[in-house]
Amino acid sequence: DVHVRKVLQCCAILGMEFRLADVKKVNPEYLNGDTLERSIEAAIADRILVNSFTEDDSTVADSSSRFSGSGAHSSADFSASTGSRQSSSGGGHHFFRFATTMWHETVMRTMLSDRRVELHRNIALSMEAEGMSEMTDTKTLLKRFEHWKACTEFGKAAPLALAIGARLEEFESSQQSLDLYCDVLKMWRTDTKVNASLETLGAWFEPSLSTKALEYTVKLKTRMGKCLCDMGEMEKGALGYRDAYLLMTRLPASHTVSRTLLFP
């Protein structure tokens with residue numbers, strides 16, 4: 001069934017465990033009618049999915065720790081068929097998961113790359129619509145980062161990596177921050193090591209590349225230098241700052257970049 005396949009693909013991108021409300025947010029065409037519920041029921045009947053649990057609104061200790069929506073209000077028939085526990089308020093959050101890792105991997109493996117990117121982008125946009133503040137937990141930001149990275153959207157992934165990395169640095173997790181910065185720089189297929197040659201640093205910059213993308217890269221290289229210094233690798237840290245300086249001063253678009261980026 002085409003609807004079942006479409007729903008399962010969205011569920012797989014959301015993860016091994018997912019919330020019904022999130023599937024609806026990513027697929028607004030399912031907000032009305034019972035197509036989504038019937039598709040989930042069919043997947044459960046085929047033992048592809050299993051009901052996980054229902055979490056009452058009043059018991060959600062940290063709703064932002066998941067890609068959260070406004071809650072799912074399902075029909076009584078759907079609740080009965082899945083064995084979900086309805087809360088007294090009637091507005092529980094229904095969670096489901098893939099019955100086995102094999103099913104999840106199979107759905108991911110058989111999905112066309114264009115469809116995978118489309119779903120990652122839709123999920124990232126839905127999460128983005130919820131906004132971001134200092135109160136947004138790191139787990140949620142990491143999920144959003146992973147979705148944008150899967151779309152190779154450097155302009156979206158880079159500021160998230162910088163925000164997450166700054167939080168990790170506050171907890172003296174410099175190695176994790178460094179890995180994150182390298183991860184996002186790999187989207188440009190550049191050498192993520194410090195002390196790269198100017199040719200290496202500049203080869204992947206096209207003339208049409210936005211100033212914002214260059215600024216993000218300078219910030220990432222600067223933060224890499226700081227992390228290495230914090231880890232006691234002073235020489236490598238200095239070379240990280242050198243990379244940032246070269247990007248700011250030697251590339252064609254560098255005249256548009258603020259000089260406060262190195263020493264904010």
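Panel note: side chain Ser126, backbone Asn122; a donor-acceptor pair is recorded below 3.5 Å. Looking only at distances, a side-chain donor or acceptor of Arg223 sits under 3.5 Å from a matching main-chain atom of Leu162. Listed for the Arg116 side chain is a donor-acceptor partner under 3.5 Å among the backbone atoms of Met108. Side chain of Asp137 to backbone of Lys139: a donor-acceptor contact under 3.5 angstrom is found. Counting only distance, with no hydrogens or angles, the side chain of Thr100 and the backbone of Trp103 share a donor-acceptor pair below 3.5 Å.
The nearest pair of heavy atoms linking Ala12 to His104 is O-NE2, 2.8 Å. For the residue pair Arg19 and Phe95, the shortest heavy atom distance occurs at CD-CZ, 3.6 Å. Across every non-hydrogen atom of Ala213 and Phe154, the tightest pair is O-CE2, 3.6 Å. Of all non-hydrogen atoms in Cys229 and Ala238, the two that sit nearest each other are SG-N, 4.4 Å.
Cluster membership for Leu125 and Val117, using ILVMFWY side-chain heavy atoms within less than 4.5 angstrom, is not shared. When the side chains of ILVMFWY residues are joined at heavy-atom separations under 4.5 Å, either directly or via intervening members, Met234 and Leu228 end up in two distinct hydrophobic clusters. Linking Ile, Leu, Val, Met, Phe, Trp and Tyr residues whenever their side-chain heavy atoms come within less than 4.5 Å places Ile44 and Met16 in a single cluster.
With rounding to the nearest 0.5 angstrom, the CG atom of Leu178 is 11.0 Å from the CG atom of Asp183. Going from atom CG of Asp179 over to atom CE of Met224 covers 9.5 Å, rounded to the nearest 0.5 Å. One distance of note links OG of Ser39 with CD of Glu41; it measures 9.0 Å at 0.5 Å rounding. In this structure, the separation between OH on Tyr216 and NZ on Lys156 is 8.5 Å, given to the nearest 0.5 Å. In this structure, His120 NE2 and Cys151 SG are separated by 6.5 Å, a value rounded to the nearest 0.5 Å. Atoms CD and CG, from Glu17 and Leu49 in turn, are 11.5 Å apart once rounded to the nearest 0.5 Å.
A 4.5 Å side-chain heavy-atom check between Leu119 and Met111 finds at least one atom pair inside the cut-off. Between Phe145 and Leu180, some side-chain heavy-atom pair lies under the 4.5 Å cut-off. At a threshold of 4.5 Å between non-hydrogen side-chain atoms, the residues Val23 and Leu36 count as touching. Side-chain contact between Arg167 and Leu141: present, with at least one pair of heavy atoms (C-beta onward) separated by less than 4.5 Å. Side-chain contact between Phe98 and Leu8: present, with at least one pair of heavy atoms (C-beta onward) separated by less than 4.5 Å. Between Met231 and Lys236 there is no side-chain heavy-atom pair separated by less than 4.5 Å. The shortest distance between side-chain heavy atoms of Val50 and Arg97 falls below 4.5 Å. The side-chain heavy atoms of Ile13 and Phe18, taken from C-beta on, include no pair separated by under 4.5 Å.
Among Gln176, Gln175, Glu169, the one residue that satisfies the side chain to side chain donor-acceptor pair (under 3.5 Å) test with Ser173 is Gln176.
In the displayed structure, Glu172 atom CD is contacted under 6.0 Å by at most 12 heavy atoms of other residues, nucleotides or ligands.
Residues satisfying the ring-ring contact (aromatic ring centres under 6.0 Å, His included) criterion with Tyr30, sequence neighbours excluded, are absent altogether. Residues satisfying the side-chain contact (heavy atoms from CB on, under 4.5 Å) criterion with Asp1, sequence neighbours excluded, are His3, Val4. Under the side-chain contact (heavy atoms from CB on, under 4.5 Å) criterion, Glu105 pairs with Thr101, Arg109, not counting sequence neighbours.
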Could you go through the side chain to side chain contact (heavy atoms under 4.5 Å, CB included) check for Cys11 and Phe96 one step at a time? CA-CA 9 Å; Cys11 296; Phe96 301 89; over 6 Å; no

Residue pair Lys212, Glu215: steps toward the salt bridge (charged side-chain N to carboxylate O under 4.0 Å, His left out) verdict: CA-CA 5 Å; Lys212 203 65 180 176; Glu215 288 182 354; 3.8 Å; yes

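Under 4.0 Å is where a charged nitrogen must lie from a carboxylate oxygen, and between Lys6 and Glu29 at least one such pair does. A salt bridge does not link Lys143 to Glu146: none of the charged side-chain nitrogens sits closer than 4.0 Å to a carboxylate oxygen. Checked for salt-bridge contact, Lys24 and Glu37 meet the test: a charged N lies under 4.0 Å from a carboxylate O. With respect to Arg121 and Glu128, no salt bridge is recorded, no charged nitrogen being found less than 4.0 Å from a carboxylate O. Electrostatic pairing of Arg115 and Glu118 counts as a salt bridge here, judged by a charged N lying under 4.0 Å from a carboxylate O.
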